[in-house]
Amino acid sequence: MANGQWYPPEWPDRIRALATGTLTPVVPKRAATVMLLKDTGSGPAVHMLRRRASMAFAGGAYAYPGGGVDPRDDDHHVRWAGPTRAWWAQRLGVDETAAQAIVCAAVRETYEEAGVLLAGPGSDSVVGDTTGADWEADRAALVARDLSFAEFLDRRGLVLRSDLLGAWTRWITPEFEARRYDTWFFVAALPEGQRTRNASTEADRTVWIAPREAAARYDEGELLMMPPTIATLRQLTAYDTAAGALDAAQGRDLTPVLATARLVDGEIVLSWPGHDEFTKHIPTGGATA
């Protein structure tokens, strides 16, 4: 391949099936992912993990910490600081219940997969080191879904710091994919006193890397990524600090990006609106270009 764009070999057949009406799209699951940033002497670096090659979805690809919404976060009252649920509902384009669940997913998954917790005892504080054995026990219980995020915060006497997040973009998995997600991408800065670690069973490597370097290594075919990952990395290269990216998030357009597939002159053209670099031309024989 010319670059590191993740492209499953079964896509052409599934696209054709969708076009002929023999494939019914699955309903996408709500999800959230967080671009965690920290400042360095040469600009911000972003925390990325490499998904294990054995993973059914995007195995071997680099991504950010993230995952699906826990349905319990729709219902349970979550200790909350920062912009209100109503504010987040308007920002994310959903109702207040869904907004709470999506923001909870962003904070919870960052803790589950990177060991970083965007929460504190009060509205103007953040927890420090979370690497102790008692913290790890709670993190493992969250991963196993033995403990809801609301219960975790209550147990710890913590409030979720929604003001530490900025909503960046929203991507929906194409209709022809077998596993579909409606994913909100957030940006956040690494809290002082905390450090990342590879806490995810789905990742075999984690790295702090400058967005520009990661994008260059993708262009060289060295790093494998899905379209939304490389698209957001390119967007982050415009900012000199983590705070600058967080400030910019307030004005970002959250119109969902959804790939389309159409037949043109005997070939399938796969494209992502607003992201021409990902366009694929798929001859009827199945080869890609």
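This structure is a prediction, so every number in the text was calculated from the model and none was measured.
- Side-chain contact check for Val257 versus Ile172: every heavy-atom pair is 4.5 Å or farther apart.
- When side chains are defined from C-beta on, Val269 counts as touching Thr279, because their heavy atoms get closer than 4.5 Å.
- Two rings, from Tyr111 and Phe149, have their centers 6.0 Å or more apart.
- In this structure a side-chain-to-backbone donor-acceptor pair under 3.5 Å is missing from Arg50 to Arg205.
- Screening residues 86-108 for salt bridge (Lys or Arg N to Asp or Glu O under 4.0 Å), with sequence neighbours left out, gives Asp73-Arg108, Arg108-Glu112.
- Counting only distance, with no hydrogens or angles, the side chain of Thr33 and the backbone of Pro65 share a donor-acceptor pair below 3.5 Å.
- With Asp39 contributing its side chain and Ala242 its backbone, the two residues share a donor-acceptor pair below 3.5 Å.
- Annotation: side chain of Ile102 is in contact with side chain of Val94 (closest heavy-atom distance under 4.5 Å).
- The shortest side-chain heavy-atom distance between Trp80 and Val103 falls under the 4.5 Å cut-off.
- With hydrogens and angles disregarded, a donor-acceptor distance shorter than 3.5 Å links the side chain of Arg180 to the backbone of Pro174.
- Put simply, the side chain of Trp168 reaches to within 4.5 Å of the side chain of Gln235, judged on heavy atoms.
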Could you walk me through whether Leu18 and Glu175 satisfy the side chain to side chain contact (heavy atoms under 4.5 Å, CB included) test, starting with their C-alpha distance in whole Å, then the side-chain angles of each, then the deciding distance to 0.1 Å, before giving a yes or no?
CA-CA 8 Å; Leu18 181 66; Glu175 291 183 330; 4.0 Å; yes

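- For Asp154, the CG atom is densely surrounded, since the number of other residues' heavy atoms within 6.0 Å is greater than 12.
- Leu23 and Val26 fall into different hydrophobic clusters, defined by Ile, Leu, Val, Met, Phe, Trp and Tyr side-chain heavy atoms under 4.5 Å apart, directly or through other members.
- The backbone N or O of Ser123 sits less than 3.5 Å from a side-chain atom of Arg161, completing a donor-acceptor pair.
- With Gln250 contributing its side chain and Asp247 its backbone, the two residues share no donor-acceptor pair below 3.5 Å.
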Show your reasoning for whether side chain to side chain contact (heavy atoms under 4.5 Å, CB included) applies to Leu160 and Cys104.
CA-CA 8 Å; Leu160 181 154; Cys104 281; 3.9 Å; yes

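- The closest donor-acceptor contact from the side chain of Ser162 to the backbone of Ala81 lies under 3.5 Å.
- In terms of the side chain to side chain contact (heavy atoms under 4.5 Å, CB included) criterion, residue partners of Pro191 (sequence neighbours excluded) are, by chain and number, Val116, Leu118, Val126, Gln194.
- Within the model, atoms CG of Leu153 and CG of Leu147 stand 9.0 Å from one another, a figure rounded to the nearest 0.5 Å.
- Atoms CG and CZ, from Leu270 and Phe278 in turn, are 11.0 Å apart once rounded to the nearest 0.5 Å.
- In this structure, a donor-acceptor pair under 3.5 Å is absent between the side chains of Thr110 and Tyr64.
- Counting only distance, with no hydrogens or angles, the side chain of Thr232 and the backbone of Pro228 share a donor-acceptor pair below 3.5 Å.
- Leu165 is listed as a side-chain neighbour of Val107, based on a closest heavy-atom distance under 4.5 Å.
- Donor-acceptor pairing under 3.5 Å is recorded for the side chains of Trp208 and Thr196.
- Geometrically, Arg156 engages Trp135 in a cation-pi contact defined by less than 6.0 Å to the ring centre and at most 45° from the axis.
- Put simply, the side chain of Pro28 does not reach to within 4.5 Å of the side chain of Tyr181, judged on heavy atoms.
- The pair Arg155-Glu151 does not count as a salt bridge, with every side-chain nitrogen at least 4.0 angstrom from each carboxylate oxygen.
- Side chain of Arg79 to backbone of Leu158: a donor-acceptor contact under 3.5 angstrom is found.
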Assess whether side chain to side chain contact (heavy atoms under 4.5 Å, CB included) is satisfied between Thr229 and Met48, documenting all intermediate values.
CA-CA 10 Å; Thr229 308; Met48 303 189 76; 3.6 Å; yes

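- Side-chain atoms of Arg51 and Leu49, non-hydrogen and from C-beta on, do get closer than 4.5 Å to each other.
- Judged by distance alone, the side chain of Arg72 and the main-chain N or O of Arg145 form a donor-acceptor pair under 3.5 Å.
- The same ILVMFWY cluster, assembled from side-chain heavy atoms under 4.5 Å apart, contains both Val207 and Ile230.
- Sorted by first and then second residue, the salt bridge (Lys or Arg N to Asp or Glu O under 4.0 Å) pairs involving residues 181-192 (not counting sequence neighbours) are Arg170-Asp182.
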